[in-house]
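Quick note: numbers below take in every heavy atom, side chains included, and nothing from hydrogens, waters or symmetry partners.
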Amino acid sequence: MTVRTTLRRIALLSLGLLPVVPAVAVTAAATAAVSSASELPADVASAIDSGDYNEAQRALIAALKDRKICPESADVLHMAMLLEVIRTTDPAVMTEFAADDKKKRRFLAEFAADADWLELYLGCGLVPYRTPVGVDVLYRIWQEEDGKVKNKGLAVALASVWGGGETDPNPPIAKKNPNRHNPVWRYNFFQKNAKRGVMHPGYKNLRPWELRFTVGIPQQDWDDASFEWALENINVPWDRYDYACWAAVYTDPSLFGDSVQGGMYNYPFADISWAEATHRSGGVCGAMSHLGCVAAMAHGIPAYTVGQPGHCAYGFRIKRGDWRGGFGGPDGGMHNRIFGNQAPTSYWLMETVFKDDAAIEKAYRHSFCAKAMEAVGDTEAAIAMWEKTLQISPLHPFFRASYHKLLKQRGLTEEQAYGYICKLIPQYRKNGFAAIDAVKDLGEQIAAMTDAQKADIYAKMHQVIAGTPSSWALNIEPILKEQSASLKTDAAREQYLAALFGTHMSAEDATTFGKVLEWGVKTYVEGGNEAVFSKAFSKAAASAAAGGKKDDEQQKKMVAAYNKAIIAAEQARSAPAFRSITEAAVKVAGKSPVNTELKSAKELPGKVASAAMFRISTTSSYDSPVWHADIATPTGGKCHTAKEEKPHMIVELPGRRSLTGCIIRKTDGNEYRMKKATVYTSEDGATWKPRESTDNMPKEWVVKFADGTPGKWVKVEFDNSAAPDFAHISHFVIYTK
């Protein structure tokens with residue numbers, strides 16, 4: 001059976017044949033009412049009735065100057081929220097919008113008078129900034145429902161994603177075909193299908209910030225009809241939407257011979273939805289990921305498409321904090337986001353900030369008051385209110401940025417900034433990368449500090465980063481480069497590098513450590529200053545071995561440190577770091593004890609390829625990373641995974657090669673563990689093509705590739721799905737022309 005036929009069968013099986021978990025009719029949750037009795041001052045209401053939002057803004061500021069601004073006063077909070085809506089939308093924009101007709105003025109008056117609706121709009125993550133798009137979306141939904149909007153949470157979510165925000169503007173929306181990207185249609189779609197009971201069971205509890213990830217973003221996601229088609233045709237268990245993308249076949253060219261790069265790929269199906277067209281004609285990563293993403297969203301499951309180097313994937317969430325990946329996601333550049341676009345940092349921070357509904361509601365109310373105090377010119381009161389806000393929600397980046405702006409306006413010395421930052425950074429435990437962004441706007445103050453102060457701040461930053469789960473998608477190199485360059489002496493930089501290695505070497509998640517090593521190799525080893533790198537790494541490794549009294553104990557701890565570094569380099573996919581650390585480690589540990597001649601060495605044409613890197617799926621206490629590099633040589637090495645269902649090993653070559661085959665040899669002992677196995681090749685490191693499989697792998701497995709097989713990566717994967725088990729090999733030798 002061909003790969004195409006297999007994928008086609010998977011696609012057909014996924015369409016409507018898997019069980020659908022019944023859901024109940026739902027509506028989006030709304031925040032608790034501010035107060036049904038709150039009223040706007042007469043002059044404010046008069047200005048709004050006339051459509052003059054410059055005057056409304058002036059009247060609100062005048063009224064607030066005479067009042068004690070606090071979140072406990074319903075009237076004051078109502079005015080503060082309306083003032084913030086006018087500020088973000090821009091009074092001139094609102095005035096122009098109101099001037100169009102009486103219905104728009106009436107809608108805006110009702111919106112302004114509805115404190116609960118204002119609060120939902122302002123607290124949904126991104127508020128449409130200096131654009132009429134947000135209020136226009138609300139107006140159109142208001143019209144559709146004859147002035148009685150039933151689901152205001154859903155309405156503001158649509159307004160938010162259609163309008164963008166101050167940090168994420170959305171100018172492309174004006175160019176989108178409104179007949180294919182209609183927020184009113186999507187509002188009705190979710191309302192109708194929630195009532196039908198076909199949405200994800202958790203949909204009824206989603207807040208507006210979460211609903212943003214179900215309704216789609218018009219500048220990136222597919223047309224309205226795709227939601228309808230996906231809901232009716234792609235129904236899988238809620239936690240398996242990582243397979244929804246396989247409702248189409250991965251193929252290029254199309255079944256009609258057209259390239260995905262050309263304009264004719266979907267031509268035979270131009271009059272149907274993009275989702276159905278993809279199902280019929282297939283596609284590559286972009287189309288497949290959009291299909292999976294839209295399928296999740298159409299069922300009320302938060303999702304987003306995500307850009308990766310040379311690849312498109314998607315992420316979806318089945319409950320708070322539980323984001324999962326489809327087609328290689330969820331990490332990378334999020335196409336829908338609130339706090340930046342780099343996943344997983346962005347969704348970690350988002351989930352942390354919004355995880356407590358009551359707390360974030362309280363924090364937002366304090367923030368509206370802080371903005372109002374700033375508007376009336378009381379900077380000291382605004383600073384104090386921002387401090388109360390940040391006590392409730394310390395990691396909200398927009399709150400923190402507003403606070404920093406006022407601190408700098410008042411005058412912030414480097415000494416004050418140093419004390420403030422040292423107290424701030426530890427609060428970012430488990431969100432370490434967000435700590436870097438939190439102090440970016442204090443760069444001028446940091447630049448004026450002494451090397452000792454900077455080193456202290458950087459150490460605290462890396463302590464919280466080292467305590468944060470990491471990902472291949474997080475790019476720490478710009479941070480390291482900036483921090484290192486800010487230090488004034490070579491001695492300070494050397495100390496910084498040693499502390500950097502030492503901190504990340506002790507982290508549970510070694511991915512960031514590998515990236516730190518990669519940057520160190522690139523900057524120092526490849527930059528002609530290998531001595532600095534080696535000295536710094538030796539200091540870090542020695543600190544890991546501190547306390548050892550005997551030479552052999554010291555050596556064991558040193559080897560353990562190097563082993564962790566090598567695994568880190570593998571996880572970071574850094575070939576330079578892998579080579580550098582391995583070479584250093586071998587000097588301590590010695591050469592691989594394996595020295596077995598391959599009996600099948602002459603069965604393959606070509607020559608043994610030199611490897612840039614060897615990578616293992618998991619490590620264990622039985623593993624010997626220091627000898628991983630030798631596995632790709634005829635001499636042989638040692639590796640040992642943890643117990644897994646699908647353990648694998650990957651050899652990366654220095655560049656794309658014409659492959660002739662490979663030889664994989666089991667280590668001596670417990671060979672029964674590795675029976676079912678498949679060899680794959682890849683040209684991009686993400687898309688894998690199966691080349692040969694076996695149900696009873698021999699001791700020394702020779703795999704011959706078809707003539708002209710291209711590849712830079714070769715993978716062997718063992719199938720222990722019946723019972724998770726170890727995998728361990730001594731040789732994985734690649735042959736090329």
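The backbone N or O of Ala434 sits nowhere less than 3.5 Å from a side-chain atom of Asn431 that would complete a donor-acceptor pair. For Lys515 (side chain) and Leu474 (main-chain N/O), a donor-acceptor pair under 3.5 Å exists by modelled atom type. When atom types are taken as modelled, the side chain of Thr214 and the backbone of Gly300 share no donor-acceptor pair closer than 3.5 angstrom. Counting only distance, with no hydrogens or angles, the side chain of Asn720 and the backbone of Lys646 share no donor-acceptor pair below 3.5 Å. When atom types are taken as modelled, the side chain of His396 and the backbone of Phe354 share no donor-acceptor pair closer than 3.5 angstrom.
The aromatic ring centroids of Phe513 and His504 lie 6.0 Å or more from each other. If you look at Phe726 and His640, their ring centroids are closer than 6.0 Å. Ring-centre distance between Trp162 and His181: not below the 6.0 Å cut-off. Ring to ring, Phe398 and Phe339 are close: their centroids are under 6.0 angstrom apart. Aromatic ring centres of His335 and Tyr304: separated by at least 6.0 Å. Annotation: Phe227 is not in aromatic contact with Trp274 [ring centroid separation under 6.0 Å not met].
The cationic group of Arg656 does not satisfy the cation-pi geometry with Trp713, failing either the under 6.0 Å distance to the six-membered ring centre or the 45° limit from the ring axis.
In the model, His728 has a side-chain atom that pairs as donor or acceptor with a side-chain atom of Arg673 under 3.5 Å.
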Item checked: Glu717 and Trp688: CA distance, side-chain angles, deciding distance, side chain to side chain donor-acceptor pair (under 3.5 Å) verdict -> CA-CA 11 Å; Glu717 183 175 79; Trp688 295 93; over 6 Å; no
Next item on the list: Let me see the working for His648 and Ile650 under side chain to side chain contact (heavy atoms under 4.5 Å, CB included), right down to the final yes or no.
Entry: CA-CA 7 Å; His648 66 259; Ile650 297 172; 3.8 Å; yes
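No salt bridge links Arg573 with Glu652; every basic N to acidic carboxylate O contact stays at or beyond 4.0 Å.
The only member of Asp623, Asn563, Thr619 that meets side chain to side chain donor-acceptor pair (under 3.5 Å) when paired with His628 is Asp623. Residue Phe213 is tested with Tyr314, Tyr203, Trp323 for a ring pair (Phe, Tyr, Trp, His ring centres under 6.0 Å); the sole match is Trp323.
Using cut-offs of 30° and 60° on the angle between ring planes, the pair Trp238 and Tyr241 is parallel. Using a 30° and 60° split on the angle between ring planes, Phe327 and His311 fall in the parallel class, below 30°.
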